[in-house]
Participant: 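Here you go, one structure.
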Amino acid sequence: MDLMILDYPTLRLVWWLLLGVLLIGFAIMDGFDLGVGALLPFVARSDAERRVVVNTIGPVWEGNQVWLILGGGAIFAAFPPLYAVSFSGFYLAMFLILFALILRPVGFKFRGKVADPRWRAAWDWGLFVGGAVPALVFGVAMGNVLLGVPFRFDATLRPFYEGNLFGLLTPFALLAGLTSVAMLVAHGAAMLVMKTDGPVAVRAARYGSLAALAGAALFALGGLCLMTVVDGFRIVSALVPDAASNPLAKSVTTAEGAWLANFAAHPWMAAAPALGLLGLVGSALALAGRRGGLAFCASAAAIAGIILSVGFATFPFLLPSSLDATSSLTLWDASSSQMTLLVMLVATVVFLPLILAYTAWVYRVMRGKVTHGALGDNPNAY
């Protein structure tokens, strides 16, 4: 495909799709790290078992976190107004996530420095916080995308955010956060069943199966709320997909069930929530049967389905505004220039396959189960 023939609306749509790919990539690749961290104090009872759990993700978590950096960079370069509003509006939430994520490398490095059981237990709970808190906050953020965020633009397109951290913790947003935690715990459990054996794998299978079923129930409840409680957003003016970015050059209204309009207009989109539900149920069944690889594929499919469900429901909105619906950001009015999107796309076409190839090579090298006996002979193990 000749990239030079891509027009402005197509480039905007391509970058919306790429942003979704990066979010799914982050949730799948770094999601099992978060899930394993959240499970650590529960699936491992002895220090030897906890070392095994830590070393299932220790060699790969840094590479997995690259997906988060790629997603943030894509938002910054492709959708600057979205970056400006979300990163400033969610400032305290971002700090909470960063604080929790910082506990992961510190916990990995410091845990084994002192043999005192209390020292190691403290860092184990630090790793738990580093897994559970980001999983919860990312889900809460997704819930607030569906609810709308309290921001507005003035006549000069300066953004103003008028919310606070606790204002984000609404019942529906917390429901989305719990769905995220359950989904990623199930994903992490699948990785532990794949990479460990013995009591750790048995406990991981049990907790993961329960988490997957809870995630399916919470996801279904969230869909019911979108149908009956949560108002969606709808553009009621003419769309000009190739116009210069100006969030105020449209009219937006809210209505009950508006987030389901895209599914009614395009029935094929219903495959996304179906994939989310079936993936979680399939993961629960596979975990109950101790089939880690199948459970991991099922939970990865569920993650993709759930994120796609939100993307399809909100399209073309990127970040709706609960304060001034007209200020809501869409991919048609919040993107960079056509040339910027084109140059970025060329760079992505070149470098993304290299990242995927390197990631595949790393996981091939690190394949196989982690055992305590092998850790004892490895000076590089945590």
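From a predicted model like this one, the values you see are computed outputs, not experimental measurements. For the numbers below, each heavy atom of this structure counts, side chains included, while hydrogens, waters and symmetry mates do not.
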Participant: Quick check for you: to the nearest 0.5 Å, what is the distance between Phe317 atom CZ and Leu82 atom CG?
Facilitator: 13.5 Å
Participant: Run the ring-ring contact (aromatic ring centres under 6.0 Å, His included) test against Trp67 and tell me which residues pass, sequence neighbours left out.
Facilitator: none
Participant: Under 3.5 Å, is there a donor-acceptor pair between the side chain of Thr10 and the main chain of Leu6?
Facilitator: no
Participant: Tell me every residue that passes side chain to side chain contact (heavy atoms under 4.5 Å, CB included) with Leu39, counting only those two or more places apart in sequence or in another chain.
Facilitator: Val43, Val185, Ala189, Leu192, Tyr207
Participant: Rounded to the nearest 0.5 Å, how far does CE of Met142 lie from OG of Ser309?
Facilitator: 10.5 Å
Participant: Going from OG1 on Thr179 to CG on Leu221, what distance comes out if it is rounded to the nearest 0.5 angstrom?
Facilitator: 7.5 Å
Participant: Does Phe351, at its CZ atom, have more than 12 non-hydrogen atoms belonging to other residues, nucleotides or ligands within less than 6.0 Å?
Facilitator: no
Participant: Taking only distance into account, with no hydrogens and no angle test, what donor-acceptor pairs under 3.5 Å do side-chain atoms of residues 20-35 form with protein atoms, sequence neighbours excluded?
Facilitator:
residue	atom	partner	partner atom	Å
Asp30	OD1	Arg104	NH2	3.4
Asp30	OD2	Arg104	NH2	3.3
Asp33	OD1	Asn64	ND2	3.4
Asp33	OD2	Asn64	ND2	3.0

Participant: Could you pull out all residues at least two apart from Tyr91 that satisfy ring-ring contact (aromatic ring centres under 6.0 Å, His included)?
Facilitator: Phe95
Participant: Are Trp259 and Phe312 near enough that their ring centres are under 6.0 Å apart?
Facilitator: no
Participant: Under a single-linkage rule joining Ile, Leu, Val, Met, Phe, Trp and Tyr whose side-chain heavy atoms are separated by less than 4.5 Å, which residues share a cluster with Leu278?
Facilitator: none
Participant: For the atom pair CG (Leu178) and CE (Met183), what is the distance rounded to the nearest 0.5 Å?
Facilitator: 12.0 Å
Participant: Taking it one step at a time, do Ser237 and Ile235 satisfy side chain to side chain contact (heavy atoms under 4.5 Å, CB included)?
Facilitator: CA-CA 6 Å; Ser237 59; Ile235 299 174; 4.0 Å; yes
Participant: If you define the side chain from C-beta out and look only at heavy atoms, does anything of Phe108 sit under 4.5 Å from Val54?
Facilitator: yes
Participant: When you measure from the side chain of Asp154 to the backbone of Leu157, do you find a donor-acceptor pair of N or O atoms at a distance under 3.5 Å?
Facilitator: yes
Participant: With sequence neighbours excluded, what pairs up with Thr56 under the side chain to side chain donor-acceptor pair (under 3.5 Å) test?
Facilitator: none
Participant: Would you kindly say whether Asp324 and Ser321 are connected by a side-chain donor-acceptor distance under 3.5 Å?
Facilitator: no
Participant: Under 4.5 Å between side-chain heavy atoms, counting indirect links through other Ile/Leu/Val/Met/Phe/Trp/Tyr residues: same cluster for Val36 and Val202 or not?
Facilitator: no
Participant: Does Leu98 sit in a hydrophobic cluster with other residues, and if so which ones, taking ILVMFWY side chains as linked at heavy-atom separations under 4.5 Å, directly or through other members?
Facilitator: none
Participant: Hey, is the main chain of Ala238 close enough, under 3.5 Å, to the side chain of Lys250 for a donor-acceptor pair?
Facilitator: no
Participant: Please walk me through it: do Arg12 and Trp332 pass side chain to side chain contact (heavy atoms under 4.5 Å, CB included)?
Facilitator: CA-CA 7 Å; Arg12 284 169 158 167; Trp332 308 125; 4.0 Å; yes
Participant: Check for a donor-acceptor pair, side chain of Asp333 on one end and backbone N or O of Thr330 on the other, with a separation under 3.5 Å.
Facilitator: yes
Participant: Apply the hydrophobic cluster definition, ILVMFWY joined by side-chain contacts under 4.5 Å directly or through others, and give me every member besides Leu275.
Facilitator: none
Participant: With sequence neighbours left out, write down each residue that passes ring-ring contact (aromatic ring centres under 6.0 Å, His included) with Trp123, or none if nothing qualifies.
Facilitator: Phe110, Trp119
Participant: Could you grab the distance from atom OG1 of Thr254 to atom CG of Leu147, nearest 0.5 Å is fine?
Facilitator: 12.0 Å
Participant: Mind checking the CG-CZ spacing from Leu248 to Arg152? Nearest 0.5 Å is all I need.
Facilitator: 10.5 Å
Participant: Would you sort out whether Phe315 and Met269 count as a side chain to side chain contact (heavy atoms under 4.5 Å, CB included), showing the intermediate values?
Facilitator: CA-CA 11 Å; Phe315 183 87; Met269 290 184 176; 5.7 Å; no
Participant: Is Lys195 reaching over with its side chain to a backbone N or O of Ala201, donor-acceptor style, under 3.5 angstrom?
Facilitator: no
Participant: According to ring-ring contact (aromatic ring centres under 6.0 Å, His included), who are the partners of Tyr161, at least two apart in sequence or on a separate chain?
Facilitator: none
Participant: I'd like to know if Phe166 and Leu96 are part of one continuous hydrophobic network [Ile/Leu/Val/Met/Phe/Trp/Tyr, side-chain heavy atoms within less than 4.5 Å].
Facilitator: yes
Participant: Just checking Phe79 against Trp16, ring centres under 6.0 Å apart?
Facilitator: no
Participant: Compile the donor-acceptor pairs under 3.5 Å between side chains in residues 289-302 and protein atoms, sequence neighbours left out, one pair per line.
Facilitator:
residue	atom	partner	partner atom	Å
Ser299	OG	His187	ND1	2.6
Ser299	OG	Ala295	O	3.1
Ser299	OG	Phe296	O	3.0

Participant: Could you tell me how the ring of Tyr83 sits relative to the ring of Phe87: parallel (under 30°), tilted (30 to 60°) or perpendicular (over 60°)?
Facilitator: parallel
Participant: Examine Val310 and Phe263 and state if one hydrophobic cluster contains both, with Ile, Leu, Val, Met, Phe, Trp and Tyr joined whenever side-chain heavy atoms are less than 4.5 Å apart.
Facilitator: yes
Participant: What about Leu13 and Ile307, same hydrophobic cluster or not, with Ile/Leu/Val/Met/Phe/Trp/Tyr joined at side-chain heavy-atom distances under 4.5 Å?
Facilitator: yes
Participant: Under 3.5 Å, which donor-acceptor pairs link side chains of residues 124-140 to any protein atom two or more places apart or in another chain?
Facilitator:
residue	atom	partner	partner atom	Å
Asp124	OD1	Arg111	NE	2.5
Asp124	OD2	Arg50	NH1	3.0
Asp124	OD2	Arg111	NH2	3.3

Participant: With a cut-off of 6.0 Å (strictly less than), are more than 12 heavy atoms of other residues, nucleotides or ligands near OH of Tyr358?
Facilitator: no
